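Quick notes on the structure that follows.
These figures come from a predicted structure and were not determined experimentally. Within every chain, numbering begins at 1; the chains are lettered A, B, ... in the order of the sequence lines, protein sequences first and strands thereafter.
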Number of protein chains: 2
Amino acid sequence: MVQYDSSTLDTALAALADPTRRGVLERLSEREATISVLAERFDMTLTGMKKHIAVLEHAGLVSTRKVGRVRQCSLGPHHLGDLSAWIENYRAKWEARFDALDVVLAGSPKEENENGQG
Amino acid sequence: MVQYDSSTLDTALAALADPTRRGVLERLSEREATISVLAERFDMTLTGMKKHIAVLEHAGLVSTRKVGRVRQCSLGPHHLGDLSAWIENYRAKWEARFDALDVVLAGSPKEENENGQG
DNA sequence: GCAACACTGAACCTAATGGTTCAGTATGAT
DNA sequence: ATCATACTGAACCATTAGGTTCAGTGTTGC
């Protein structure tokens with residue numbers, strides 16, 4: 001049984017939920033870049049971009065290293081494996097659920113109630 | 001070339017970034033439930049849970065129907081296919097990137113600069 | 001009809017996000 | 001040494017997110 005770390009998923013998904021950050025990842029998948037380059041590319045201040053990079057780095061999606069006065073950013077150690085596995089797991093359940101609709105529509109709808117209130 | 005709708009990814013990822021909402025999906029993957037049941041399960045008010053459901057529904061991850069005075073919630077029409085595809089695409093790039101490290105470390109590091117700022 | 005139930009909506013609160021500016025600090029080039 | 005570059009950090013700001021309470025609205029059951 002696969003164990004998904006909730007906080008890892010949290011940080012990864014939250015990091016990916018922002019289009020700018022997805023753009024940065026896309027950009028970095030081509031080649032590494034400095035904060036300045038990314039900031040200019042996405043039309044924001046260095047400080048703003050640095051925050052995005054911090055989020056991505058915290059999520060393990062980007063790794064950085066200081067080279068002289070620039071900071072080189074590249075894709076990080078997180079291979080998205082956990083996330084991918086989690087999503088796939090859900091996809092399977094989803095499809096099973098929808099397949100089950102046929103059965104339900106054909107047979108007896110098994111009503112269940114677990115609500116013990118009132 | 002696959003085209004990913006940015007706003008669709010935004011809403012899906014943002015919806016999934018919250019642990020409570022992932023919990024709700026997990027719960028719904030077993031069987032459908034009302035707002036009350038989910039609210040009690042996740043220890044929050046009806047109103048609070050309804051907001052989460054609204055987010056999930058907006059993202060297409062949950063669908064609901066009013067039955068008498070209760071609202072039944074179940075897994076929605078969104079099969080996570082787009083998201084899954086997007087993640088997988090990245091995973092591939094990630095791994096290619098890391099494989100490429102071997103080449104880079106063995107050969108000539110191709111330095112590129114696209115920053116035109118002066 | 002009337003009470004209890006399940007949800008809904010508006011208003012509000014707090015904390016986090018995404019962005020800024022401004023003032024450093026460290027590095028590279030002259 | 002000095003100046004420009006590239007980043008860093010603190011402080012600030014507006015918006016959104018996650019949650020609440022409170023006051024309805026529509027259903028169910030007696």
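- Taking side-chain N and O atoms only, B:Arg69 has no distance below 4.0 Å to OP1 or OP2 of C:dA4.
- Rounded to a whole Å, the NE2 atom of B:His58 is 13 Å from the P atom of D:dT16.
- The CD atom of A:Glu40 sits 13 Å away from the C1' atom of D:dA6 (whole-angstrom rounding).
- Here C:dC5 presents its P atom at 16 Å from NZ of B:Lys66, a figure rounded to the nearest Å.
- A close approach under 4.0 Å does not occur between any side-chain nitrogen or oxygen of A:Thr47 and OP1 or OP2 of C:dT20.
- Rounding to the nearest 0.5 Å gives a distance of 4.5 Å between NZ of B:Lys93 and CD of A:Glu26.
- Base engagement by A:Gly48 is indicated by at least one non-hydrogen atom pair under 4.0 Å involving a base atom.
- When rounded to the nearest whole Å, the span between CE of A:Met49 and C1' of D:dT5 equals 18 Å.
- Comparing C:dA6, C:dT8, D:dA6 by their closest approach to the side chain of B:Val70 singles out C:dA6.
- Between the CG atom of B:Leu13 and the P atom of D:dA17 there is a distance of 14 Å, rounded to whole Å.
- Sequence order on DNA chain C of the closest nucleotides to B:Arg71 and A:Leu46 puts B:Arg71 first from the 5' end.
- The interatomic distance linking A:Lys50 (NZ) with D:dT5 (P) rounds to 21 Å, in whole Å.
- An OP1 or OP2 oxygen of D:dG19 is reached within less than 4.0 angstrom by no side-chain nitrogen or oxygen of B:Thr45.
- Residue A:Lys51 is the one, among A:Lys51 and A:Val67, whose nearest nucleotide of DNA chain C lies closer to the 5' end (criterion: closest heavy atom).
- For the pair A:Ile35 CD1 and C:dA26 P, the interatomic distance rounds to 18 Å; values are reported in whole Å.
- A:Asp10 places its CG atom 11 Å from the P atom of D:dG18, with the value rounded to the nearest Å.
- Across all non-hydrogen atoms, the minimal contact from A:Leu25 to B:Trp94 is CD2-CH2, 3.9 Å.
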Open item on the list: Apply side-chain contact (heavy atoms from CB on, under 4.5 Å) to residues B:Leu61 and B:Leu80 and explain how you reach the verdict.
Closed with: CA-CA 8 Å; B:Leu61 297 169; B:Leu80 291 182; 3.5 Å; yes
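- Between B:Asp43 atom CG and B:Leu38 atom CG the span is 13.0 Å, to the nearest 0.5 Å.
- Considering only side-chain N and O atoms, A:Arg21 lies under 4.0 angstrom from the phosphate OP1 or OP2 of C:dG18.
- When the nucleotides C:dG18, D:dG19, D:dT28 are ranked by their closest atom to the side chain of A:His52, C:dG18 comes out on top.
- Residues A:Val55 and A:Met49 do not share a hydrophobic cluster, clusters being chains of Ile/Leu/Val/Met/Phe/Trp/Tyr side chains in contact below 4.5 Å.
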